[in-house]
Every structure is written in C-alpha cells, then in structure tokens.
Amino acid sequence: QVQLAESGGGLVQVGGSLRLSCAASGRISEHALGWWRQAPGQERELVAGINWDGCRLIYIESVKGRFFISRDNAKSTVFLQMNSLKPEDTDVYYCAATQLFFTTNSRDYTYWGQGTQVTVSS
C-alpha cells in the first residue's frame, strides 16, 4: 500500500514560482508518477508525468517550458517545479502513482494524494 502526501502549494503572484513535493509512505521506485490538477466542475487533467526511472516525461501543452517534474526514488518523492505561474494555473494539484510503465489515463492511477491548493493572483 502506498500513501501520498503533497505539500508546497499556496498563494503566489503572477510570474512567481512554487515547488510542489509529494512524499510517498511506501516504495514507489517502480511506479510511474503524475501531477494532476482539477478545477471545480472539471475533470482532472494530467499536468506532468514521469516514468519510474525519469527517462520519459510528458507535459500538457500549456505548461511546457514552465513546469518541470522530477523524482528522487531514494527518498520516494516526486516534485513539480512551477515557474512563470499564471492565473489559469490556479487549481488543486494532486500527485498519483501507477504500477503501469506509463499512462495518461487517470483510471490507471491506483494511489492518489489529498491534493494541495495552488492559487495564482493577478
């Protein structure tokens, strides 16, 4: 069983940066990981994903060049560096883990954190 806990969210002004962290209680070195976000009334969307060894990355178009996902398997932690934040980045951000090699389907992710709120003020 894996439990995930996000941290690092908060209120930031336009153009600012935040670094989200997600710490796992169990071993996640063989899991693909993803950062998802969900606005009220909307479906969750995959913001960034990373496979188990960090060699495969994926980003949604709107965050390319601004957000960077990374992981530290020794510390069972995944990060999302968020730069040049925009008001439309405001959302609850979730980290999730899957035992599949790599997937962008939320239904394939078995473990989810509780989420952390990111608010970008203009």
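Note that the structure is predicted; figures quoted are calculated from it, not measured. Only heavy atoms go into these numbers, but all of them, side chains included; no hydrogens, no water, no symmetry mates.
Gln117 pairs by the side-chain contact (heavy atoms from CB on, under 4.5 Å) definition with Thr90, Val92, Thr119, not counting sequence neighbours. Contacts of Thr98 classified as side-chain contact (heavy atoms from CB on, under 4.5 Å), with partners at least two apart in sequence or in another chain: Ala32, Leu100, Thr103, Asp108, Tyr109. Applying the side-chain contact (heavy atoms from CB on, under 4.5 Å) rule to Ser121 yields the partners Leu11, Gln13; only residues at least two apart in sequence or on another chain are considered. For Gln99, there are no side chain to side chain donor-acceptor pair (under 3.5 Å) partners at least two apart in sequence or on another chain. Residues meeting the side chain to side chain donor-acceptor pair (under 3.5 Å) test with Glu88, sequence neighbours left out: none. Taking the side chain to side chain donor-acceptor pair (under 3.5 Å) definition, one finds that Arg66 meets it with Asp89, sequence neighbours left out. In terms of the side chain to side chain donor-acceptor pair (under 3.5 Å) criterion, Thr104 has no residue partners (sequence neighbours excluded). For Lys86, there are no salt bridge (charged side-chain N to carboxylate O under 4.0 Å, His left out) partners at least two apart in sequence or on another chain.
The nearest pair of heavy atoms linking Leu33 to Ala97 is CD2-CB, 3.5 Å. The two residues Gly115 and Glu6 come nearest to each other via the heavy atoms N-OE1, 2.8 Å. Closest of all the heavy-atom pairs between Val78 and Cys95 is CG1-CB, 4.4 Å. The shortest non-hydrogen separation linking Gln81 to Asn83 is NE2-OD1, 2.9 Å. Listed here is the closest heavy atom pair of Lys75 and Thr77: O-OG1, 2.8 Å.
In this structure, CE in Met82 is found 11.5 Å from CD1 in Ile69, a value given to the nearest 0.5 Å. The CG atom of Asp91 sits 13.0 Å away from atom CH2 of Trp36, with the distance rounded to the nearest 0.5 Å.
No continuous path of ILVMFWY side-chain contacts below 4.5 Å connects Val118 to Trp112, so the two sit in separate hydrophobic clusters. Val14 and Leu85 fall within a single hydrophobic cluster, where Ile, Leu, Val, Met, Phe, Trp and Tyr side chains are chained together by heavy-atom contacts under 4.5 Å.
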Which side-chain N or O atoms in residues 20-30 pair as donor and acceptor under 3.5 Å with protein atoms at least two apart or in another chain?
unit_1: Ser25; atom_1: OG; unit_2: Gln3; atom_2: N; d: 3.0
unit_1: Ser25; atom_1: OG; unit_2: Gln3; atom_2: O; d: 3.4
unit_1: Arg27; atom_1: NE; unit_2: Ser29; atom_2: OG; d: 2.9
unit_1: Arg27; atom_1: NH2; unit_2: Glu30; atom_2: OE2; d: 3.4

Donor-acceptor contacts under 3.5 Å from residues 41-51 side chains, at least two apart:
unit_1: Arg44; atom_1: NE; unit_2: Gln38; atom_2: OE1; d: 2.9
unit_1: Glu45; atom_1: OE2; unit_2: Arg37; atom_2: NE; d: 2.8
unit_1: Glu45; atom_1: OE2; unit_2: Arg37; atom_2: NH2; d: 3.3
unit_1: Asn51; atom_1: OD1; unit_2: Gly54; atom_2: N; d: 3.2
unit_1: Asn51; atom_1: OD1; unit_2: Cys55; atom_2: N; d: 2.9
unit_1: Asn51; atom_1: OD1; unit_2: Arg56; atom_2: N; d: 2.8
unit_1: Asn51; atom_1: ND2; unit_2: Asp53; atom_2: OD1; d: 2.9

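Within a 6.0 Å sphere centred on CH2 of Trp52, heavy atoms belonging to other residues, nucleotides or ligands number 12 at most.
Note on residues 68-102: no pairs pass ring-ring contact (aromatic ring centres under 6.0 Å, His included), not counting sequence neighbours.
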How far apart are the C-alpha atoms of Trp35 and Phe67, what are their side-chain angles, what is the distance that settles it, and do they pass the side-chain contact (heavy atoms from CB on, under 4.5 Å) test? CA-CA 11 Å; Trp35 283 99; Phe67 290 13; over 6 Å; no
